[in-house]
Amino acid sequence: MALAVMCSGGDAPGMNAAVKKFVDYAFDKGEEPYLVFDGLEGLIDGKIKKAEHKDVAGILHRGGSIIRSSRSKRFFEYTYRQQAYENLKKYNINGLVVLGGDGSFRAMDRFSEDFPINFVGIPTTIDNDIYGTEYCLGVDTALNTIRDALDKIYDTASTFNRAFVVEVMGRECGYLAAISAISSGAEICLIPEVDFVLPTIEEKLLREIENGRRYVLAIVAEGTKMTGEVAKWLENRIGMDTRVTILGHIQRGGVPTTFDRMMGFEFTVHAIDHLCRSKEMNKVVVWNKGEFGLLDIDTVVSNKNQVNPHHLAMLNVLD
Ligand code: F6P
């Protein structure tokens, strides 16, 4: 079989480990691996290359993706999807592994409605917001990047008697914020999934400050759009000297953790095994309770991921 791999949407640490495994494992199985460069944009423009071992040598430890990625507006137009399909046909590619998030899977779902393609999605996004899987590739590294930043912010916050509002990524999902708040012991955590009324914690926070609390750490998920409001509230209502840190794209980069390298390998092996063994088309590899499985693309894109209630219960915030 001719199999191709592509990265799409926001990059995530561990993509390179997956791409390396894709090439090495495809050769081991006697299949022909191809690389699609620049994501969906590259698929439209035919940026496809037959892979060699040397293409993926020495990339395991690097963040980002050596085959790059893109967010494609053109792919929403039928003509460009047709062009992408013709490119796959040109190389006789009969199996495509797509490392991407929700948006990329929606695009692939659309693609599969128009053309007889056969792809397997590997959930890859730091947001951990894909339905049907407990884990998306890149999340562990992103959480560790955030933890490292929060530990450092804690040092300066506690030295200066200050409040810090730290905004973390996650799009509409509060997973990164919730886990980071739990593991850093933040006093406040705002996520899009939970209604949050600042005055309800005001009294409790003021009492704590009266009893000797000298710093406050507030983690705000970008999806709440409340970073500025929380900072103003801490200054004006709580009376604390406040600073804001927006962690931004540093959360997407960096050396992948051991866990993300291993997950990159495992997701990819499952994707290739499925493409080689089964006639069932257009699936997503998922990971739940330590086991890998497969879900239909339709199921994945037509359901909304929910934050684990157990994590919500563990949020040690003032409320
Ligand atoms: O989906 C990953 C993510 O990093 C989100 O957390 C964030 O909202 C978005 O991508 C940023 O996208 P871009 O890199 O296009 O600015």
Side-chain angles (χ1 to χ4, degrees), residues 6-19 37-42 62-76 98-109 121-150 165-181 189-194 219-228 230 244-257 260 263-264 267 284 286 300-301 303-308 311:
M6 180 180 86
C7 296
S8 175
D11 52 291
M15 274 180 161
N16 281 329
V19 170
F37 290 85
D38 294 323
L40 292 170
E41 284 288 292
R62 287 169 56 186
S65 167
I66 59 133
I67 55 171
R68 302 185 297 275
S69 185
S70 61
R71 299 194 195 280
S72 175
K73 286 204 176 96
R74 287 192 296 165
F75 204 77
F76 288 99
V98 180
L99 294 151
D102 214 30
S104 308
F105 291 170
R106 273 175 218 291
M108 295 314 292
D109 189 36
I122 294 181
T124 309
T125 164
I126 64 163
D127 302 341
N128 216 25
D129 61 349
I130 297 180
Y131 177 83
T133 186
E134 279 171 18
Y135 193 74
C136 300
L137 189 58
V139 170
D140 186 57
T141 309
L143 283 174
N144 276 294
T145 300
I146 299 169
R147 178 200 44 72
D148 183 55
L150 293 177
V165 182
V166 182
E167 183 183 290
V168 301
M169 277 185 168
R171 218 177 271 278
E172 296 306 311
C173 175
Y175 180 87
L176 287 179
I179 300 299
S180 301
C189 176
L190 268 71
I191 58 174
E193 294 87 344
V194 176
I219 314 287
V220 180
E222 64 172 353
T224 63
K225 298 188 169 60
M226 281 182 72
T227 307
V230 175
V244 173
T245 302
I246 296 174
L247 294 182
H249 286 75
I250 64 158
Q251 294 162 97
R252 286 238 295 261
V255 172
T257 58
D260 273 327
M263 289 303 274
F267 269 122
V284 174
V286 293
V300 174
V301 299
N303 285 286
K304 194 172 161 31
N305 176 67
Q306 306 287 341
V307 175
N308 185 335
H311 290 146

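Whatever order the structure lists ligands and atoms in, that order sets their numbers, starting from 1. Only heavy atoms go into these numbers, but all of them, side chains included; no hydrogens, no water, no symmetry mates.
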Top protein contact for atom 6 (O) of ligand 1, by heavy-atom distance: Asp127 OD1, 2.7 Å

Given side-chain contact (heavy atoms from CB on, under 4.5 Å), test Ile130 with Val300 step by step and report yes or no. CA-CA 7 Å; Ile130 297 180; Val300 174; 3.6 Å; yes

Those residues that, when tested against Asp127, pass salt bridge (charged side-chain N to carboxylate O under 4.0 Å, His left out) (two or more places apart): Arg171

Considering residues at least two apart in sequence or located in another chain, which fulfil the ring pair (Phe, Tyr, Trp, His ring centres under 6.0 Å) criterion with Phe75? Phe111

Could you identify the single nearest non-hydrogen protein atom to atom 3 (C) of ligand 1 and state the distance to 0.1 Å? Arg252 NH1, 3.5 Å

Under 4.0 Å from one or more heavy atoms of Met169, ligand 1 contributes atoms 4 (O), 6 (O)

Donor + acceptor pair across side chains of Glu167, Thr227 (<3.5 Å): yes

Against heavy atoms of Gly170, which atoms of ligand 1 measure under 4.0 Å? 6 (O)

Sub-4.0 Å heavy-atom contact, Gly101 with ligand 1: no

Quick check on Tyr131: does its OH atom have over 12 non-hydrogen neighbours (other residues, nucleotides or ligands) under 6.0 Å away? no

For atom 13 (P) of ligand 1, which of Arg171, His249, Glu222, Glu172 has the closest heavy atom? His249

Partner of Asp260 by side-chain hydrogen bond (donor to acceptor under 3.5 Å, both in side chains), out of Asn144, Thr141, Asn16, Thr124: Thr141

For atom 12 (O) of ligand 1, what is the closest protein heavy atom, and at what distance to 0.1 Å? Arg71 NH2, 3.0 Å

